[in-house]
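Read the structure below first, then the notes.
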Amino acid sequence: MSQDEAVISTNDDATACKRFAVQLGYWSDGYIQHFAKLGERKTPEINRGYYARVKGMHTLLDQFLAKTECNCQVVNLGAGFDSLFWLLKEESLAPKLFVEVDFASVTGRKCYNIRQCSCLLLRNRRKLQEAFSPDDGLKIEGSEAHSKHYHLLAVDLREVDTLERKLKEIGIDKSLPTVFITECVLIYMEPEHSAAIINWAGTNFKNAVFINYEQVNMQDRFGQIMIQNLRGRNCELLGANACPDLESHKQRFLSNNWDEAEVLDMMSIYNSLPIDDRARIERIEFLDEVDLLHQLLSHYCISWAVNDASQLGKFVKHF
Ligand code: SAM
C-alpha cells in the first residue's frame, strides 16, 4: 500500500468509528450510515473520544454560523465521508457555500454514494425535503459534484495552487466570512504542506476562522503506541508531522498569517462538555479503565484561529 493509499484509508476508519458511535446513540446522524457499513465493535474510550471530537468541532462551527447568521462559506479540507453538509441542511443552518475537498478516490466514492442513495438527496429525511432543489442544479461528474451551494472537489491538498484555482472556478468569495475545517487531516501531511495550507487560508481570507482537530504530544510512550497502531502507515513520518505540544499548534497559526489562535486538548474539551450531556453518554457504555480514556484524550486537541476578530468576535472556550 502506498503512503497516499494508507492516508486515504484513514477515512474508512473515521467513518466506521463515527457510524458505530452513532449506532450506539452517542449523537444522532441519519446520514453517516449511507457512507459506511456497520463495522466491528469499537471500545468505549474510542466512542467517547469520537463524541468529544464531533461535539467539539460542531460547537465551534455552530458559534461561527450563529455569528455570521449563515451568511458565510464552509470549506471542509480532507472532508472524507463527513455528513456535516446534510446535518446542517437538516437543521436549516446551511451556509451560502459549502465546499468539501479530498483526494479524487475519496470524492469519487462520495459522489457514487450521493448518486446511489436517495436519502443523501434529501435534507430532511422525515419531511422528505430535498437537499438539492432543482434550482441548485446538482451535477455529479466523475469524482466531483457541483451545485449552487455545495461542491465536492478532488484536490490533493499539498497542491495549494490547484486548490486556489478550483475554489476560484466555483466562485468562492474571499471577502465573505469563511470557516476552514481540517478534522484529523493535517497530521497526514509533512509540516511544510500543512503550514502552506494554513498560510494560504490566512493570507487570502481576512474574515475567517480555521478549526483544526489533530494529534498532539506524540512523543511519550502512549503517543508512540498510538502511532504504531496506525496500521500500515508510515509511523516515523506521522510522528515527525505531529505538532509536539499545544503551544506549537497555536504558533503554527500565528506564524502563518492568522491574527489569533487558541488550542485545547481533548481532555479539557471533554471536561467542559455540558454535565447532562456527559452523564448521558457515560451511561451508554461502561468504561472500565478511565485512565485509558484520559490518555487517549490528552493526545488530541482542537486548535482554532481567527482573522478579523473585530467582526467575528471571540470564540468561547466553553463547549
Ligand atoms: N475529516 C474527515 C473526518 O474527520 O471524518 C476524514 C478524516 S480522515 C482521518 C483524513 C482525511 O484527510 C482522508 O479523507 C484523507 O483522504 C484526507 N487527506 C489527507 N491528506 C490529504 C491530501 N493531501 N489531499 C486531500 N485529502 C487528504
Side-chain angles (χ1 to χ4, degrees), residues 1 4-24 26-40 42 46-47 49-58 61 74-91 93-95 98-123 125 131-132 138 140-147 149-157 163 179-189 211-214 230-233 300:
M1 195 192 275
D4 281 359
E5 283 166 348
V7 168
I8 285 164
S9 75
T10 64
N11 172 51
D12 293 321
D13 293 348
T15 316
C17 288
K18 287 182 179 178
R19 162 103 210 244
F20 190 81
V22 164
Q23 184 82 12
L24 290 186
Y26 278 85
W27 71 94
S28 83
D29 178 341
Y31 303 96
I32 193 88
Q33 59 185 309
H34 303 299
F35 291 114
K37 293 199 182 84
L38 196 58
E40 61 197 32
K42 313 290 177 217
I46 300 272
N47 297 330
Y50 265 88
Y51 176 76
R53 160 177 172 172
V54 167
K55 186 82 182 169
M57 296 295 283
H58 284 202
L61 178 65
V74 176
V75 182
N76 192 351
L77 302 170
F81 290 168
D82 206 298
S83 50
L84 182 60
F85 168 71
W86 289 269
L87 293 172
L88 294 180
K89 274 264 175 185
E90 187 165 295
E91 292 168 44
L93 284 175
F98 193 105
V99 187
E100 297 189 304
V101 183
D102 211 300
F103 282 115
S105 65
V106 176
T107 57
R109 284 170 65 203
K110 196 163 192 172
C111 283
Y112 176 83
N113 286 329
I114 297 172
R115 199 186 279 119
Q116 292 299 311
C117 179
S118 57
C119 283
L120 294 173
L121 298 172
L122 299 174
R123 79 169 145 113
R125 291 158 302 124
F132 303 95
L138 174 66
I140 302 177
E141 290 162 341
S143 50
E144 298 203 343
H146 298 282
S147 73
H149 302 288
Y150 172 82
H151 296 270
L152 179 56
L153 303 179
V155 179
D156 180 337
L157 294 169
L163 178 67
V179 59
F180 293 90
I181 299 172
T182 46
E183 185 180 328
C184 209
V185 173
L186 296 182
I187 187 136
Y188 299 113
M189 281 178 237
I211 308 174
N212 175 49
Y213 172 89
E214 203 179 340
L230 295 164
R231 54 186 153 85
R233 286 159 217 154
Y300 289 91

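- The line from CG of Leu186 to CD of Glu214 is 5.0 Å long, rounded to the nearest 0.5 Å.
- Every residue was checked against the side chain to side chain donor-acceptor pair (under 3.5 Å) condition with Ser147, not counting sequence neighbours, and none meets it.
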Task: Residue pair Trp27, Tyr51: steps toward the side chain to side chain contact (heavy atoms under 4.5 Å, CB included) verdict - done: CA-CA 7 Å; Trp27 71 94; Tyr51 176 76; 3.8 Å; yes
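- Taking His58 as the reference, nothing meets the side chain to side chain donor-acceptor pair (under 3.5 Å) condition, with sequence neighbours excluded.
- Among residues two or more places apart in sequence or in another chain, the ring-ring contact (aromatic ring centres under 6.0 Å, His included) test is passed with Phe81 by Phe35.
- Leu163 meets the side chain to side chain contact (heavy atoms under 4.5 Å, CB included) test with Leu77, Val101, Val155, Leu157, Leu167, Ile197, Trp200; sequence neighbours excluded.
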TODO: Carefully, step by step, assess Asn76 and Val99 under the rule side chain to side chain contact (heavy atoms under 4.5 Å, CB included).
DONE: CA-CA 6 Å; Asn76 192 351; Val99 187; over 6 Å; no
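- The nearest pair of heavy atoms linking Val106 to Gly80 is CG1-CA, 3.8 Å.
- Leu153 has its side chain out of reach of Glu100: every pair of non-hydrogen atoms, C-beta onward, lies at least 4.5 Å apart.
- Every side chain to side chain contact (heavy atoms under 4.5 Å, CB included) that Ala154 has, sequence neighbours left out, goes to Ala104, Thr107, Ser143, Glu144.
- Between Ile181 and Leu61 there is a side-chain heavy-atom pair separated by less than 4.5 Å.
- Side-chain atoms of Tyr31 and Val22, non-hydrogen and from C-beta on, never get closer than 4.5 Å to each other.
- Contacts of Asp82 classified as side chain to side chain donor-acceptor pair (under 3.5 Å), with partners at least two apart in sequence or in another chain: none.
- Between the SG atom in Cys111 and the NE2 atom in His146 there is a gap of 8.0 Å [rounded to 0.5 Å].
- Residues passing the side chain to side chain contact (heavy atoms under 4.5 Å, CB included) test with Cys184 are Arg53, Tyr188, Tyr213, Gln215, sequence neighbours excluded.
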Task: Criterion salt bridge (Lys or Arg N to Asp or Glu O under 4.0 Å) on Asp12 and Arg109, from CA distance to verdict - done: CA-CA 11 Å; Asp12 293 321; Arg109 284 170 65 203; 3.0 Å; yes
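- For the atom pair CG (Asn11) and OG1 (Thr15), the distance works out to 4.0 Å, reported to the nearest 0.5 Å.
- Residues satisfying the side chain to side chain donor-acceptor pair (under 3.5 Å) criterion with Asp102, sequence neighbours excluded, are absent altogether.
- Remark: Leu38 pairs with Arg19, Phe20, Gln23 by the side chain to side chain contact (heavy atoms under 4.5 Å, CB included) rule, at least two apart or across chains.
- Separating the CG atom in Asp29 from the CG atom in Leu84 is a distance of 9.5 Å, to the nearest 0.5 Å.
- Nearest heavy atom pair, residue Ser105 against residue Ile8, reads OG-CD1, 3.4 Å.
- The minimum heavy-atom distance linking Met57 with Thr182 is given by the pair CE-O, 4.2 Å.
- Here the CD1-CD distance, from Ile140 to Gln116, works out to 9.5 Å after rounding to the nearest 0.5 Å.
- One distance of note links OG of Ser28 with CD of Glu90; it measures 7.5 Å at 0.5 Å rounding.
- His149 meets the ring-ring contact (aromatic ring centres under 6.0 Å, His included) test with no other residue; sequence neighbours excluded.
- Applying the ring-ring contact (aromatic ring centres under 6.0 Å, His included) rule to Phe98 yields the partners Phe85; only residues at least two apart in sequence or on another chain are considered.
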